[in-house]
Student: 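Please read through the structure below; I'll follow up with questions.
Because only heavy atoms are used, hydrogens play no part in the values below, and waters and symmetry mates are left out as well, while side chains stay in. Each chain gets a letter, A, B and so on, in the order the sequences are listed, and its residues count up from 1.
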Amino acid sequence: MAKEITKRSEDYAQWYIDVVLKGDMADYSPVKGCMVIKPNGYGVWENIQRNLDRLFKETGHVNAYFPLFIPESFLKKEAEHVEGFAPECAVVTHAGGKPLEEPLVIRPTSETIIWSTYKNWINSYRDLPILINQWANVCRWEMRTRLFLRTTEFLWQEGHTAHATHEEAEEETFKMVNVYKRFAEEFLAMPVIAGKKTDHEKFAGALHTYCIEAMMQDGKALQSGTSHHLGQNFAKAFDVKFQDRDKELKYVYASSWGVSTRLIGGMVMCHGDDNGLVIPPKLAPLPVVFVPIWRSDEERDLVLGRARELTCDWDLPFFKIDDRDQYKPGFKFNYWEIRGVPLRVEIGPRDCHNRQVVVARRDTGTKTPVPMEGLRATLERMLDEMQRALFAAANERLECRTFTLDDYDEYRSAVEEGGFFRIHWCGNEDCEKRLHVETKSTIRCIPFDAAEESGKCLLCGRPSTRRVIAAQAY
RNA sequence: CGGGGUGUAGCGCAGCCCGGUUAGCGCGCUUCGUUCGGGACGAAGAGGCCGGUGGUUCAAAUCCACUCACCCCGACCA
């Protein structure tokens, strides 16, 4: 049994911290709110990058890089945007041993620097669309931070696209939130609700924001990705016009979309258990670990020799043979379990004689004897099964803990227990605020697949045409 | 910004009230030996300006003042 990890049932927040630290994903840094991402955590991020990047490329996007420093004046050009971000910006006032003439903001997001650049790139409708993504770090000075979920500096990708028409920008915005949904479900094995944010929750400077919302094991919602239709707001702020086919000068339409290292926190809270991390196979830095078992030197040679033979033509990040002498097998079992490795292959003298190994699955703990013959293919199959099992379990949890409610008193007590609540809302911001103040929950999104349904607002009783998702959130 | 903690070996802690040998314990680490199918054991070692500054005192990890930092919990946010 895993020592040192707080049980989920005792203290979910502490469990999360324990798992991240003991799972060797991250460390605290000397600077408040910042974190060191260790190889076991960064490896997950690399796999997120690799796979998501492919999806971006497949939808026609290219990567570029824009600078970390942004002139302070740029940020002030879009009124709503500056209001949203100013309080959480870090500003560089000195450099080269002297005060700077104009302070430099460390990017909290890159809309302003990018649109000031796009201005120079766009003249004609022939220059459109621009479909650029960048992988970068950003800084937001948050009051309260949590490893991966909310850190002062975090890693993310931000797509910034420019289009000739509103419709085209809308299509892009919608397309990308669906790319996120697909990625979350297929790779993170994390089911999500895709939908539209309320005006109150949308991105500062956007016409509207689409999002994916995931449910953690404690029933709280985690906003896991956002896609914004920026309309002409940034084009107007930065004076980005193009000459259209009809010879008219028009402002460009924009979208932006992003996911961050927060996804790793979501992965932890979606799949982890009381023994530590559980990493979905498709994102595991190390999918398979071999734990050889021996007593004598002869057995050691036999077992290690056989393990090496079995894996001699395997590609490296796929597996590792833990041949450390100083630890007993039992220790190694726990060591790799805490770190979330999906499959463990136990191979001892008995196995060598039977021409088999024992494979243990991280999520279920089940041990299965497997013939050495065709081992690689069997492991691939088991990884695939585990990936699907993780999604199925998470999806079942999402379904079981999604409730349809029409009584406010009932809601108030129920929402504290966690879960998603399908409620009627009139669309009024006052009701939304009241919900937040009185229940500490928020309207997470208006799901795309919400059917037309007439009802009464949970709070004020006025008419509503469809249900929204409300929940407590991270 | 409020509320609560914590700073003593790499990690986790004791010692502090009641000042006084060479500052301890567990884990980890090093070496040797025995072990090895769910967190092994023995022996011998290495490792500290007790968060910082300034006081009080013959004497400070311990008392006083100031200060810095980090963590956790609440209001804002990906």
Student: Looking at A:R295 and B:G37, is any side-chain donor or acceptor paired with a base atom of the opposite kind under 3.5 Å?
Tutor: no

Student: Less than 4.0 angstrom between a side-chain N/O of A:Y12 and OP1 or OP2 of B:C72, yes or no?
Tutor: no

Student: Rounding to the closest angstrom, what is the interatomic distance between B:C64 and B:U6 at atom P?
Tutor: 15 Å

Student: So what does A:R324 touch, heavy atoms closer than 4.0 Å: a base, only the sugar-phosphate, or nothing?
Tutor: nothing

Student: Before accepting this row, confirm whether a basic side-chain N of the pair A:E142/A:R144 lies closer than 4.0 Å to the acidic partner's carboxylate O.
Tutor: no

Student: Check for a donor-acceptor pair, side chain of A:R422 on one end and backbone N or O of A:T402 on the other, with a separation under 3.5 Å.
Tutor: no

Student: Using nucleotides 75-78 of chain B, report all nitrogen or oxygen pairs with the protein that are shorter than 3.5 Å.
Tutor:
from	atom 1	to	atom 2	distance (Å)
B:C77	O2'	A:E142	OE2	3.0
B:C77	O2	A:R150	NE	2.6
B:C77	N3	A:R150	NE	3.0
B:C77	N3	A:R150	NH2	2.9
B:A78	O3'	A:Q223	OE1	2.1
B:A78	O3'	A:Q223	NE2	3.4
B:A78	O2'	A:R262	NE	3.1
B:A78	O2'	A:R262	NH1	2.1
B:A78	N6	A:T151	N	3.1
B:A78	N6	A:T151	O	2.6
B:A78	N3	A:S260	OG	3.1

Student: Between N or O atoms, less than 3.5 Å apart, protein on one side and nucleotides 29-31 of chain B on the other: list the pairs.
Tutor:
from	atom 1	to	atom 2	distance (Å)
B:C29	OP1	A:Y327	OH	2.9

Student: Anything below 3.5 Å on both distances counts as a pair; with that, list the stems of at least three consecutive Watson-Crick or G-U pairs involving RNA chain B.
Tutor: B:1-7 with B:68-74, B:10-13 with B:24-27, B:29-34 with B:40-45, B:51-55 with B:63-67

Student: If you look at every strand shown and take non-hydrogen atoms under 4.0 Å, does A:R350 touch a base, only sugar-phosphate, or nothing?
Tutor: base

Student: Quick check on RNA chain B: between A:T145 and A:P349, whose nearest nucleotide comes earlier from the 5' end?
Tutor: A:P349

Student: Can you tell me which nucleotide in B:C72, B:G37, B:G39 comes closest to the side chain of A:E346?
Tutor: B:G37

Student: Roughly how many Å is it from OH in A:Y335 to C1' in B:A40, rounded to a whole number?
Tutor: 18 Å

Student: Under 4.0 Å, counting only non-hydrogen atoms across every strand here, what does A:G258 touch: a base, just sugar-phosphate, or nothing?
Tutor: nothing

Student: Using the test salt bridge (Lys or Arg N to Asp or Glu O under 4.0 Å), find all partners of A:K440 that sit at least two apart in sequence or belong to another chain.
Tutor: none

Student: Tell me whether A:K220 forms a cation-pi arrangement with A:Y474, defined as NZ or CZ under 6.0 Å from the six-membered ring centre and within 45 degrees of its axis.
Tutor: yes

Student: Looking for any heavy atom pair under 4.0 Å, which part of the strands does A:V259 touch: base, sugar-phosphate only, or nothing?
Tutor: nothing

Student: Regarding A:R339 and the six-membered ring of A:Y335, is the cationic atom NZ or CZ under 6.0 Å from the ring centre and inside 45° of its axis?
Tutor: yes

Student: Does A:D323 come within less than 4.0 Å of A:R300, counting only side-chain N to carboxylate O?
Tutor: no

Student: Is A:W141 atom CH2 crowded by more than 12 heavy atoms from other residues, nucleotides or ligands, each under 6.0 Å away?
Tutor: no

Student: Determine whether A:H61 and A:W257 satisfy the following criterion, ring-ring contact (aromatic ring centres under 6.0 Å, His included), listing intermediate values before the conclusion.
Tutor: CA-CA 12 Å; A:H61 303 85; A:W257 28 271; 4.9 Å; yes

Student: Would you mind building the protein contact string for nucleotides 2-12 of chain B? One character per nucleotide, 5' to 3', B for base within reach (heavy atoms under 4.0 Å), S for sugar-phosphate only, - for untouched.
Tutor: -----------

Student: Do the non-hydrogen side-chain atoms of A:R262 and A:W156 ever get within less than 4.5 Å of each other?
Tutor: no

Student: Using 4.0 Å as the upper bound for N to carboxylate O, is an ion pair formed by A:R444 and A:E213?
Tutor: yes

Student: The criterion is salt bridge (Lys or Arg N to Asp or Glu O under 4.0 Å); which residues satisfy it with A:K320, sequence neighbours excluded?
Tutor: none

